[in-house]
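Okay, structure first, notes after.
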Amino acid sequence: MINQFQLLAHTPRIMRDPLNYLTELTQTHGDIVEIDVAGFKAFVLAEPEAIEHVLVSNFRNYSKETPQFETFKFVAGDGLLNSDGELWRQQRRIMQPAFHRKKLALLLDAMIRWTAKRADAWRQKSGQVLLIEDEMMTLSLEILCETLFGVELKARSEELVHTVNRTLDYVMFRARMPFDAIDNVPLKVVRDYKASMIEVDRFVDELIAARRASDGSHDDLLQLLIDATDDMGNPLSRDIIRDEIVTMIVAGYETVATGLTWTWYLLDKNRAVVEQARREIGRVLDGRELSLETLRELVYTQAIFTEGLRLYPPAWVVSRKALDVDEIAGLHVPAGSPIIISPYAMHHNARYWFGAERFTPERWLPEWGRKRHKWQYIPFGAGPRLCIGARFAEMEAAVVLATLLPKFDVVYAGQHAPVMNALVTIRPKNHMPMRVTST
Ligand code: HEM
């Protein structure tokens, strides 16, 4: 247990380096840390069974009424990520079919096409230093917009990435400044946010209008939303459809992109892994195209992203509020208690991971043989609120790695090792410059 005085003393560290703070906290104070602030309790969990209790078996007792999701609402409203209870259940029912395994198979072609375009662009720039996080963000937004909303971004992609990033900057700003009055202060971050939200809304309204005017033959997430009815049988309002679209954008592109960004960095630092992946890709593809079948055979290549998400889980914190009193691992949890689950701290906990700090894709191969607790690996959360886009993300990452890894050497070109910046996702603090050279 730590008390309010310790918490106060720790505050500068929490603000500066929350990832390592959370990891050390759980390594030194135990996997479940109770924080007592003048009798008011909060809990930090890095213990698989406690995580299972909150996210899976007793998930109904834990709501998303937390500062993390309240600040997300400034951008994504009451979309699927932020909602609770009946509203959440209805939204999940409507959107789940878009992420069905058979549906995802139809999206593969767009993933391959956009990645091939990026490979062409990289070939033109061979030998140059590129900001890999920008490259990955643009690519994943292009893929997301075509697969879920049927729209090709073309020249607009970089601009839209920039616009959405401004809204996420504001989410972080408000997480640190939780006072509505701050919006009246003439700050750049607030001005940028307001201007960006107008742009985002315009983009979404254009999407909806174009689709309503079309022949209705589309078969994607946007069409599901437009055709859907709520539990009362009424069509979804423009505001609800808007919230769902913006939710998918903010939850779906930056996460994949930052996961891939750190994976490229890890690959550069582990050249033997690159060689092994190239051998696997060469053997599996040998005259064949990327397809669901060949992707399935790329076991090692897939393990690379799985391991990348272990070391750098983009969604590094997941929070909840206890609605009613509960007990977690024998600890009394009063109603209203905040619960902090950190996938980052869980994935770095040396009590659960052999060589926790080492990049070891092999640990995900069937022959590795070490037993793992089901809930010690949670980059996509767990239980009914498990990421709806988890398989989509894995498929996209496998396509990106299988396409680009054999064709390019991607070498870190920064002067100092990159530093993690725990924002909405874990971003590199001073970009991720990497020299991209055709092999
Ligand atoms: C590597 C990529 C991704 C990571 C690490 C990730 C992580 C997560 C996590 C941890 C959650 C659970 C949050 C919680 O329980 O509070 C979540 C939920 C969600 N994710 Fe992802 N995500 C990724 C990709 C995607 C993609 C590609 C999409 C959409 C295309 C997406 C859409 C969502 C949505 C809508 C939710 C809310 C689901 C619900 O509550 O029913 N995510 N994601």
Side-chain angles (χ1 to χ4, degrees), residues 45 51-52 54-56 59 62-70 72 76-85 87-96 98-100 103-104 107 110-111 136-137 139-149 220-222 224-225 243-263 302 304-321 339-344 346-347 375 377-401 424-426:
L45 311 182
I51 291 172
E52 190 268 350
V54 170
L55 296 184
V56 188
F59 88 99
Y62 293 92
S63 86
K64 290 203 167 189
E65 295 161 66
T66 68
Q68 179 184 23
F69 294 103
E70 293 302 322
F72 255 129
D78 288 320
L80 183 65
L81 183 68
N82 297 331
S83 60
D84 268 314
L87 175 62
W88 167 76
R89 195 195 46 72
Q90 180 180 296
Q91 292 166 318
R92 186 97 189 194
R93 167 182 64 75
I94 292 171
M95 282 181 276
Q96 189 68 56
F99 295 91
H100 191 276
K103 240 10 210 314
L104 290 183
L107 309 185
M111 293 181 179
M136 292 298 109
M137 283 201 205
L139 175 57
S140 73
L141 191 61
E142 286 165 341
I143 289 176
L144 186 116
C145 284
E146 177 163 346
T147 50
L148 301 188
F149 314 133
D220 55 15
L221 181 78
L222 179 57
L224 272 184
L225 290 168
D243 286 354
E244 303 302 1
I245 292 174
V246 177
T247 294
M248 287 299 163
I249 293 175
V250 295
Y253 89 96
E254 206 218 358
T255 43
V256 183
T258 50
L260 278 167
T261 298
W262 289 106
T263 302
Q302 296 204 41
I304 289 174
F305 189 61
T306 308
E307 180 71 346
L309 293 187
R310 184 183 71 80
L311 286 169
Y312 295 94
W316 57 277
V317 68
V318 166
S319 57
R320 294 290 190 269
K321 183 177 102 177
I339 310 283
I340 309 283
I341 296 171
S342 168
Y344 185 90
M346 185 70 251
H347 293 178
W375 315 109
Y377 181 70
I378 47 164
F380 296 108
R385 309 281 320 231
L386 182 81
C387 174
I388 200 168
R391 271 206 226 105
F392 179 106
E394 286 168 345
M395 198 163 115
E396 178 180 338
V399 169
V400 170
L401 292 175
V424 171
T425 61
I426 307 179

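Only this structure's heavy atoms are used, side chains among them; waters, hydrogens and symmetry mates stay out. Atoms within a ligand are numbered from 1 in the order they appear, just like the ligands themselves.
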Nearest protein heavy atom with distance in Å, relative to [atom]:
atom                    : result
atom 11 (C) of ligand 1 : Phe380 O, 3.8 Å
atom 40 (O) of ligand 1 : Arg385 NE, 2.8 Å
atom 33 (C) of ligand 1 : Ala251 CB, 3.7 Å
atom 34 (C) of ligand 1 : Ile388 CG2, 3.8 Å
atom 28 (C) of ligand 1 : Gly252 CA, 3.5 Å

Going by heavy-atom distance to [atom], choose the closest among [options].
atom                    : options                       : result
atom 15 (O) of ligand 1 : Glu244, Arg320, Lys64, Arg89  : Arg320
atom 10 (C) of ligand 1 : Ser83, Ala390, Pro379, Pro314 : Pro379
atom 42 (N) of ligand 1 : Gly259, Cys387, Gly389        : Cys387
atom 2 (C) of ligand 1  : Thr147, Thr255, Leu386        : Thr255

**Asked** Thinking salt bridges, do Glu307 and Arg310 make one under a 4.0 Å N-O criterion?
**Response**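 Yes, this pair counts.
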**Asked** Quick one: do Arg385 and Asp84 make a salt bridge, cutoff under 4.0 Å?
**Response**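 Salt bridge: yes.
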**Prompt:** Applying a strict 4.0 Å limit to heavy atoms, is Ile378 in contact with ligand 1?
**Reply:** no
Would you mind listing which atoms of ligand 1 come within a distance below 4.0 Å of any non-hydrogen atom of [X]?
X      : value
Leu144 : 30 (C)
Leu81  : 18 (C), 19 (C), 36 (C), 37 (C)
Leu148 : 30 (C)
Ala315 : 7 (C), 10 (C)
Val318 : 14 (C), 15 (O), 16 (O)

Answer yes or no: is there a donor N or O on one side and an acceptor on the other, between the side chain of [X] and the main chain of [Y], under 3.5 Å?
X      : Y      : result
Asn82  : Lys64  : no
His347 : Tyr377 : no
Glu244 : Leu80  : yes
Ser342 : Val317 : no
Gln68  : Ser319 : yes

Is it the side chain, the backbone, both or neither of [X] that has a heavy atom closer than 4.0 Å to ligand 1?
X      : result
Arg92  : side chain
Phe392 : side chain
Leu55  : neither

**Request:** Please indicate whether any nitrogen or oxygen in Trp88 is less than 3.5 Å from any nitrogen or oxygen in ligand 1.
**Result:** yes
[X] [atom1] to [Y] [atom2] distance, which is reported to the nearest 0.5 Å:
X      : Y      : atom1 : atom2 : value
Leu81  : Asp243 : CG    : CG    : 11.5 Å
Tyr312 : Ile426 : OH    : CD1   : 8.5 Å
Leu104 : Phe392 : CG    : CZ    : 7.5 Å

**Item:** Nearest non-hydrogen partners of Phe380 and Ala393, listed with the distance
**Value:**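 The answer is CE2-CB, 4.1 Å.
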**Asked** Would Glu394 and Gln302 satisfy side-chain hydrogen bond (donor to acceptor under 3.5 Å, both in side chains), going step by step from the backbone distance to the final call?
**Response** CA-CA 8 Å; Glu394 286 168 345; Gln302 296 204 41; over 6 Å; no
